Amino acid sequence: GPPGECIKVKGKILPDAKGFAVNVGKDSSTLMLHFNPRFNCHGDVNTIVCNSKDDGTWGQEDRIADFPFQHGDKIEICISFSETEATVKLPELEFQFPNRLGMEKIQYLAVEGDFKVKAIKFS
Ligand SMILES: CCCO[C@@H]1O[C@H](CO)[C@@H](O[C@@H]2O[C@H](CO)[C@H](O)[C@H](OCc3cn(Cc4cccc(C#CCN)c4)nn3)[C@H]2O)[C@H](O)[C@H]1NC(C)=O
């Protein structure tokens, strides 16, 4: 959808989650944001890794200092964006990630890994 719209993903983190990802962008190869909380994977423990993907090529990773998640949590992730940055709103944490590709609309959303989606809302 267009800038300013909020994409809300509600769901539950699995009790034995290693990690999950919410990807938004144009398609699976071109992502404005790969939002990837890692409980324990790729050598990361309790770390949120964010990145972009440009036609199949990963960008530079950003690691967020806080990790407001626990196994089994029911959470809502709210992603909105402008021409300059994406904003991720979580319980107890909000941060920005640069809109590196200058993407003007989000037409792709995918949730992967140890997360059970309950609802997705575009508002
Ligand atoms: C230190 C030198 C090496 O550096 C490492 O190099 C790796 C390879 O590049 C990076 O890892 C890649 O990082 C990229 C972001 O940048 C991506 O997350 C990508 O994963 C894509 C992907 C997504 N999915 C789907 C999915 C998603 C979440 C859960 C599950 C599950 C489950 C059932 N339990 C499945 N599968 N693959 C990851 O592989 C590391 O961060 C990086 N580490 C550092 C410190 O730099």
Side-chain angles (χ1 to χ4, degrees):
E5 194 173 68
C6 180
I7 301 165
K8 288 187 178 127
V9 178
K10 277 177 83 167
K12 183 173 176 169
I13 299 170
L14 299 188
D16 57 351
K18 292 272 185 295
F20 67 94
V22 178
N23 295 320
V24 295
K26 177 174 179 280
D27 55 36
S28 62
S29 301
T30 302
L31 300 173
M32 179 188 300
L33 175 62
H34 168 74
F35 168 73
N36 177 210
R38 297 178 180 179
F39 287 83
N40 185 356
C41 67
H42 300 296
D44 287 295
V45 175
N46 291 357
T47 304
I48 299 175
V49 173
C50 291
N51 207 343
S52 55
K53 198 182 216 183
D54 188 359
D55 197 17
T57 304
W58 288 113
Q60 187 64 40
E61 292 184 346
D62 272 2
R63 278 170 163 71
I64 309 297
D66 303 290
F67 192 79
F69 305 114
Q70 291 193 328
H71 285 138
D73 278 358
K74 290 182 180 170
I75 60 168
E76 181 170 284
I77 303 160
C78 183
I79 299 171
S80 56
F81 73 98
S82 70
E83 67 278 0
T84 56
E85 63 197 5
T87 297
V88 180
K89 288 190 182 123
L90 298 160
E92 301 156 23
L93 173 67
E94 177 176 329
F95 66 90
Q96 276 70 39
F97 183 80
N99 182 354
R100 294 168 176 167
L101 311 181
M103 215 173 273
E104 295 177 347
K105 66 177 188 278
I106 286 173
Q107 59 189 41
Y108 172 82
L109 166 72
V111 182
E112 301 174 330
D114 305 328
F115 187 85
K116 184 170 174 56
V117 177
K118 297 283 184 208
I120 293 182
K121 191 166 168 250
F122 296 82
S123 60

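Keep in mind it's a predicted model, so treat the numbers as computed, not measured. Order of listing sets the numbers, starting from 1, for every ligand and every atom in it.
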Minimum-distance protein heavy atom relative to [atom]:
atom	answer
atom 21 (C) of ligand 1	Trp58 CZ2, 3.8 Å
atom 35 (C) of ligand 1	Gly113 CA, 4.0 Å
atom 32 (C) of ligand 1	Asp114 OD1, 3.7 Å
atom 42 (C) of ligand 1	Glu61 OE2, 3.8 Å

Original post:
Could you go step by step and tell me if Gln96 and Glu94 meet the side chain to side chain contact (heavy atoms under 4.5 Å, CB included) rule?
Top reply: CA-CA 7 Å; Gln96 276 70 39; Glu94 177 176 329; 3.8 Å; yes

Original post:
Any side-chain heavy-atom pair from Ile13 and Phe20 closer than 4.5 angstrom?
Top reply: yes

Is [atom] less than 4.0 angstrom from some protein heavy atom?
atom	value
atom 8 (C) of ligand 1	no
atom 2 (C) of ligand 1	no
atom 18 (O) of ligand 1	yes
atom 44 (C) of ligand 1	yes
atom 25 (C) of ligand 1	yes

Original post:
Has Arg38 got any heavy atom lying under 4.0 angstrom from an atom of ligand 1?
Top reply: yes

Original post:
Hey, does His34 come in under 3.5 Å of ligand 1, counting only N/O atoms on both sides?
Top reply: yes

Original post:
Should Asp44 be counted as touching ligand 1, given the test is an N or O pair under 3.5 Å?
Top reply: no

Original post:
More than 12 foreign heavy atoms under 6.0 Å from CD of Gln60: is that the case here?
Top reply: no

Under 3.5 Å, sequence neighbours excluded: what are the donor-acceptor pairs made by side chains of residues 42-49?
residue, atom, partner, partner atom, Å
Asp44, OD1, Arg63, NE, 3.2
Asp44, OD1, Arg63, NH2, 3.3
Asp44, OD2, Arg38, NH1, 2.7
Asp44, OD2, Arg63, NH2, 2.7
Thr47, OG1, Val45, O, 2.8

**OP:** Tell me which one of His42, Glu112, Gln60 gets a heavy atom nearest to atom 27 (C) of ligand 1.
**Re:** Glu112

**OP:** Applying side-chain contact (heavy atoms from CB on, under 4.5 Å) between Val88 and each of Ile64, Leu33, Val24, Val22, report the one that passes.
**Re:** Leu33

Original post:
Side chain or backbone of Arg63 under 4.0 Å from ligand 1, or both, or neither, by non-hydrogen atoms?
Top reply: side chain

Original post:
Does the ring centre of Phe67 sit less than 6.0 Å away from the ring centre of Phe39?
Top reply: yes

Original post:
Does any pair with a residue in residues 66-83 pass side chain to side chain donor-acceptor pair (under 3.5 Å), and if so which ones, sequence neighbours excluded?
Top reply: Ser82-Thr84

**OP:** Please lay out, stage by stage, how Arg100 and Asn51 fare under the test side chain to side chain contact (heavy atoms under 4.5 Å, CB included).
**Re:** CA-CA 10 Å; Arg100 294 168 176 167; Asn51 207 343; 3.0 Å; yes

